[in-house]
Number of protein chains: 2
Amino acid sequence: MEQEQLGFRALADVTRRDILRLLAEKDMTIAEVAENFDMTRAAVKKHLTILQEGDLISVHVSGRSRVNALNPIGLKQMFDWFSYFDAFWEDRLSTLKSEIEKDLQ
Amino acid sequence: MEQEQLGFRALADVTRRDILRLLAEKDMTIAEVAENFDMTRAAVKKHLTILQEGDLISVHVSGRSRVNALNPIGLKQMFDWFSYFDAFWEDRLSTLKSEIEKDLQ
DNA sequence: TAATTATGAAACCATTTAGTATCACGTCAA
DNA sequence: TTGACGTGATACTAAATGGTTTCATAATTA
């Protein structure tokens, strides 16, 4: 699957977005991440795999542990997707703003 | 469903992201949007409904036509979701940058 | 070395998703 | 006012998704 699609797929689930916010605080093993959710470790592991496929987290093996960390580069690339619309919304938002101001006169 | 989830769900499909890019150029009826894809008008209509539920487009009925337009506010809100990670990636990316520079010395 | 711990992986299930085909409905033009 | 046109809506299907349970494997530690 294409990288852009893998990224958006990874973000499409609320549990995975919550995992990203957790990992923004500190790196965690699978077990540590799983403590924060009301589901099995196996389910959390699947989410972590999808996040990794989306390049939003990186994993580094240490002994029998797998430490999951947020990947700033992948996350930034998702952010950058929206910049395609930058010109569009700046234009429209300022138009909206001036229309509202005109209405208030 | 929660608004954040509706937005991310809407973005999780490549056809819908393509529709957004089309609508960034100009507003279109369902039939006009459908001309750009190799699928039935009914399928495109479903995608437009999901985009509308995600607040990423707005629809304005004109006679027997439905004109779909990009919603800059909804799109901006999705963009803003990522700002939660702003501090994180700016910090990490600059760390990465300085590590790479150190390696090159 | 044996028990424990952290994880990987496969099989299975219910629900959602993305598409199809089909038909009904409101609007516009001749 | 009768078609034709643009759309809405429903029923259906195959595949993907998000969860479970269960078992295997590799690394620690007593």
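What you are looking at is a predicted structure, and each value in this text was computed from that prediction instead of being measured. Just so we're on the same page: letters track the sequence lines, and every chain starts at 1.
If B:A42 and A:H47 are placed on DNA chain D by their nearest nucleotide, the residue sitting closer to the 5' end is B:A42.
The phosphate of C:dT7 has neither OP1 nor OP2 within less than 4.0 Å of any side-chain N or O from A:K45.
Contacts between chain A and DNA chain D, taken as any atom within less than 4.0 angstrom of a protein heavy atom, begin and end at D:dT17 to D:dT28.
The shortest distance between side-chain heavy atoms of B:D27 and B:N68 does not fall below 4.5 Å. Taking 4.5 Å as the limit, every side-chain heavy atom of A:V44 sits out of range of all side-chain heavy atoms of A:R41. Side-chain contact between A:F85 and B:F79 is absent, with no heavy atoms from C-beta onward closer than 4.5 Å.
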> Under the ring-ring contact (aromatic ring centres under 6.0 Å, His included) criterion, do A:F8 and B:F8 qualify, and how do the steps go?
Replying inline: CA-CA 8 Å; A:F8 277 105; B:F8 278 105; 8.0 Å; no
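Through direct or relayed side-chain contacts under 4.5 Å between Ile, Leu, Val, Met, Phe, Trp and Tyr, A:L6 connects to A:M1.
The main-chain N or O of A:A12 is found under 3.5 Å from a side-chain atom of B:Q5 such that the two form a donor-acceptor pair.
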> Which nucleotides of nucleotides 24-30 of chain C have their base under 4.0 Å from a protein heavy atom (B), which only their sugar-phosphate (S), and which neither (-), written as one string 5' to 3'?
Replying inline: --BBS--
Donor-acceptor pairs are to be reported for all side-chain atoms of residues 52-63 of chain A against protein atoms at under 3.5 Å, with residues two or more places apart or in another chain.
residue : atom : partner : partner atom : Å
A:Q52   : OE1  : A:R66   : NH2          : 3.4
A:E53   : OE1  : A:R9    : NH2          : 2.5
A:D55   : OD1  : A:N71   : ND2          : 3.3

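Within the structure, salt bridge (Lys or Arg N to Asp or Glu O under 4.0 Å) pairs that include any residue of residues 71-82 of chain B comprise B:K76-B:D80 (at least two apart or interchain).
Transitive grouping of hydrophobic side chains (ILVMFWY, heavy atoms separated by less than 4.5 Å) keeps B:V67 and B:V33 in distinct clusters.
Atom-to-atom, CG of B:L48 to C1' of C:dG19 comes out at 15 Å; the value is rounded to the nearest Å. Regarding B:I50, its CD1 atom lies at a distance of 8 Å from the C1' atom of C:dT17, rounded to whole Å.
Atom CG of B:D103 has more than 12 neighbouring heavy atoms from other residues, nucleotides or ligands inside a 6.0 Å radius.
Listed in residue order, the members of residues 6-40 of chain A having a heavy atom less than 4.0 Å from DNA chain C are A:T29, A:I30, A:A31.
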